[in-house]
Amino acid sequence: MPLVLHAGNTNKNAFKTLITAEYTGVNVELVKNFEMGVTNKTPEFLKMNPIGKVPVLETPDGPIFESNAIARYVARLKADNPLLGSSLIDSAHIEQWIDFSSLEIDTNILRWFIPRVGFAVYLPQAEEAAIASLKRALAALNTHLASNTYLVGHSVTLADIIMTCNLTLGFSRILTKSFTSEFPHIERYFWTMVNIPNFRKILGEIKQAESVPPVQSAKKPTQSKEPAKPKAQAEPKKEAAKETAKPKVEDADEEEAPKPKPKNPLDLLPPSKMILDEWKRLYSNTKTNFREVAIKGFWDMYDPEGYSLWFCDYKYNDENTISFVTLNKVGGFLQRMDLARKYAFGKMLIIGSEPPFKVKGLWLFRGQEIPQFIMDECYDMELYDWKKVDINDEAQKERVSQMIEDHEPFEGEALLDAKCFK
């Protein structure tokens, strides 16, 4: 008799069990026609899990809920399963990484992702805290994977299955290449794991997110409104009352549907001779003679009527006493600037060989002012002093060139790091 797994066919927590079953040789069937929000509210489902969460595994001995517990159960159905380790210390390390994956990786990915797609209230400070916590966890994982192919030992374990499934949500929905490039060993690990046949069979082809989802308003559950009960003498009008009630529900659905976005004011500006994407390609593709090729190309392309250049200086450099915290702060700023990618190019320099570190930046914006929608949406902007570049001032023009090419030393100091927004 096969075990029956109750969950949707795209649920990453269900994938943990299905991949484990592939390695263990256990027959686990994913229930058909499962509809989240409907199937899991039925009395039959609530008998298996009283709070209606998925997945739930139906076994001959009774149901099991909580995805990690289900995956452990399936793994233990095979005696001496290598997924669970070959020694007490290996087993303990597997449990360690399962807990780490759930509490440090998965939790913080969800704290970042869920508010952005409208299923929780979006708070910029909470998002910043989630990203900082996630980066801290990923840095620790990256260090471990620098000298380890797998999380524990020399083959796939249950810890790898659960870690990969948790990372799958992040990589496919919110962790862009510019974000994960800071963690090269995690990138190597993740893409290796998802292409192992037992993983690929369940996960399919994974494509990395190209952008961070834009913030949406929190979604409210649709509530159907019952029509007022008609008086006895109005009985013939009951059908009419029902008919007028239906559009109210449809209207509620329509409010949740995305409305056509008004054009960005920057799209209404007169055409510019500078094609921003051409400059970004030139910047990215120039590997040698950067000053002669890329910098010269920038000034040849630059259109002072269609674009403006801005210097920015972080207001609170005395707080930048820890290098990785400072780097995370700048990285978070660049991620939140994603909404401006079509209209901007930026360089951020973290300066100094010892704390406190200085953060300075150069930004190219469409138009003659910093776009208002960026000022409104990206709260980091208020943390910097902004000064418009006067390109008729040769000293300022040279400073622009040096910031674009990561010139070192910069203004007499070493660079800790340089980050590009493009």
Side-chain angles (χ1 to χ4, degrees), residues 1-21 26 28-77 95 97-123 126-127 129-130 133-134 137 158-159 161-170 172-174 202-203 213 216-226 249 252-253 256:
M1 175 183 175
L3 304 173
V4 179
L5 188 64
H6 295 261
N9 59 10
T10 61
N11 187 296
K12 60 97 175 169
N13 287 328
F15 294 159
K16 299 174 186 177
T17 295
L18 296 174
I19 295 171
T20 302
V26 173
V28 176
E29 284 188 1
L30 190 64
V31 70
K32 296 179 180 178
N33 302 319
F34 185 93
E35 186 178 352
M36 190 64 185
V38 178
T39 309
N40 60 314
K41 302 299 182 185
T42 62
E44 294 78 11
F45 188 93
L46 294 174
K47 284 181 182 179
M48 296 188 292
N49 185 350
I51 61 175
K53 287 189 175 182
V54 296
V56 171
L57 184 69
E58 194 175 353
T59 81
D61 299 314
I64 307 169
F65 54 83
E66 293 299 335
S67 62
N68 292 347
I70 296 171
R72 288 186 183 98
Y73 170 83
V74 171
R76 289 170 182 154
L77 291 175
E95 293 298 325
W97 285 111
I98 289 174
D99 287 350
F100 182 89
S101 172
S102 301
L103 299 174
E104 303 294 340
I105 303 294
D106 191 42
T107 295
N108 286 307
I109 288 174
L110 292 173
R111 284 173 60 205
W112 182 9
F113 176 68
I114 293 298
R116 279 197 162 261
V117 294
F119 288 100
V121 176
Y122 175 78
L123 298 172
E127 178 179 84
S133 297
L134 177 61
L158 188 59
I161 294 172
I162 291 174
M163 179 69 79
T164 301
C165 289
N166 287 338
L167 286 172
T168 295
L169 172 66
S172 62
R173 301 302 297 274
I174 201 165
I202 302 302
L203 299 175
Q216 301 179 22
S217 58
K219 296 181 179 178
K220 298 179 181 179
T222 301
Q223 295 182 354
S224 59
K225 297 181 181 179
E226 295 182 4
V249 178
D253 289 340
E256 291 185 5

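Between the CD atom of Glu29 and the CG atom of Leu18 there is a distance of 11.0 Å, given to the nearest 0.5 Å. With rounding to the nearest 0.5 Å, the separation of CD1 in Ile162 from NZ in Lys12 is 9.5 Å. Rounding to the nearest 0.5 Å places NZ of Lys32 at 12.0 Å from CG of Asn9. Atoms CE and CZ, on Met163 and Phe100 in that order, are 6.0 Å from each other to the nearest 0.5 Å. Rounded to the nearest 0.5 angstrom, Leu5 CG and Phe34 CZ are separated by 9.5 Å. Going from atom CD1 of Ile174 over to atom CD1 of Ile114 covers 9.0 Å, rounded to the nearest 0.5 Å.
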Derivation and outcome, side chain to side chain contact (heavy atoms under 4.5 Å, CB included), residues Ile109 and Asn166: CA-CA 9 Å; Ile109 288 174; Asn166 287 338; 5.8 Å; no
Quick one, Lys16 with Ser67, criterion side chain to side chain donor-acceptor pair (under 3.5 Å). Give me CA distance, side-chain angles, the key distance, then yes/no. CA-CA 7 Å; Lys16 299 174 186 177; Ser67 62; 3.1 Å; yes
Let's go through Asn40 and Val56 carefully: what are the C-alpha distance in whole Å and the side-chain angles of both, what is the deciding distance for side chain to side chain contact (heavy atoms under 4.5 Å, CB included) to 0.1 Å, and is it a yes or a no? CA-CA 10 Å; Asn40 60 314; Val56 171; over 6 Å; no
Does Phe15 form a side chain to side chain contact (heavy atoms under 4.5 Å, CB included) with Thr168? I'd like the steps, not just the answer. CA-CA 10 Å; Phe15 294 159; Thr168 295; 5.5 Å; no
Between Tyr122 and Glu127, does a side chain to side chain contact (heavy atoms under 4.5 Å, CB included) hold up when you go through it step by step? CA-CA 8 Å; Tyr122 175 78; Glu127 178 179 84; 3.1 Å; yes
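A salt bridge does not link Arg72 with Glu66: none of the charged nitrogens is closer than 4.0 Å to a carboxylate oxygen.
In this structure, Ile51 and Asn49 have side chains that are in contact, with non-hydrogen atoms separated by less than 4.5 Å. The side-chain heavy atoms of Tyr73 and Leu3, taken from C-beta on, include a pair separated by under 4.5 Å. Inter-residue side-chain proximity for Val28 and Thr20 is flagged as unmet; no heavy-atom pair is nearer than 4.5 Å. Side-chain atoms of Thr39 and Val31, non-hydrogen and from C-beta on, never get closer than 4.5 Å to each other. A 4.5 Å side-chain heavy-atom check between Val54 and Phe45 finds at least one atom pair inside the cut-off. In this structure, Thr17 and Pro55 have side chains that are not in contact, with every pair of non-hydrogen atoms separated by 4.5 Å or more.
The two residues Ser102 and Asn68 have their closest heavy-atom pair at OG-ND2, 2.9 Å. Of all the heavy atoms in Asn11 and Asn13, the pair that sits closest is OD1-N, 2.8 Å. Here the closest heavy-atom approach between residue Leu134 and residue Glu104 is recorded as CD1-O, 4.3 Å. Residues Phe113 and Pro213 come closest through the heavy atom pair CE1-CG, 4.0 Å.
Heavy-atom neighbours of Arg173 CZ from other residues, nucleotides or ligands within 6.0 Å: at or below the threshold of 12.
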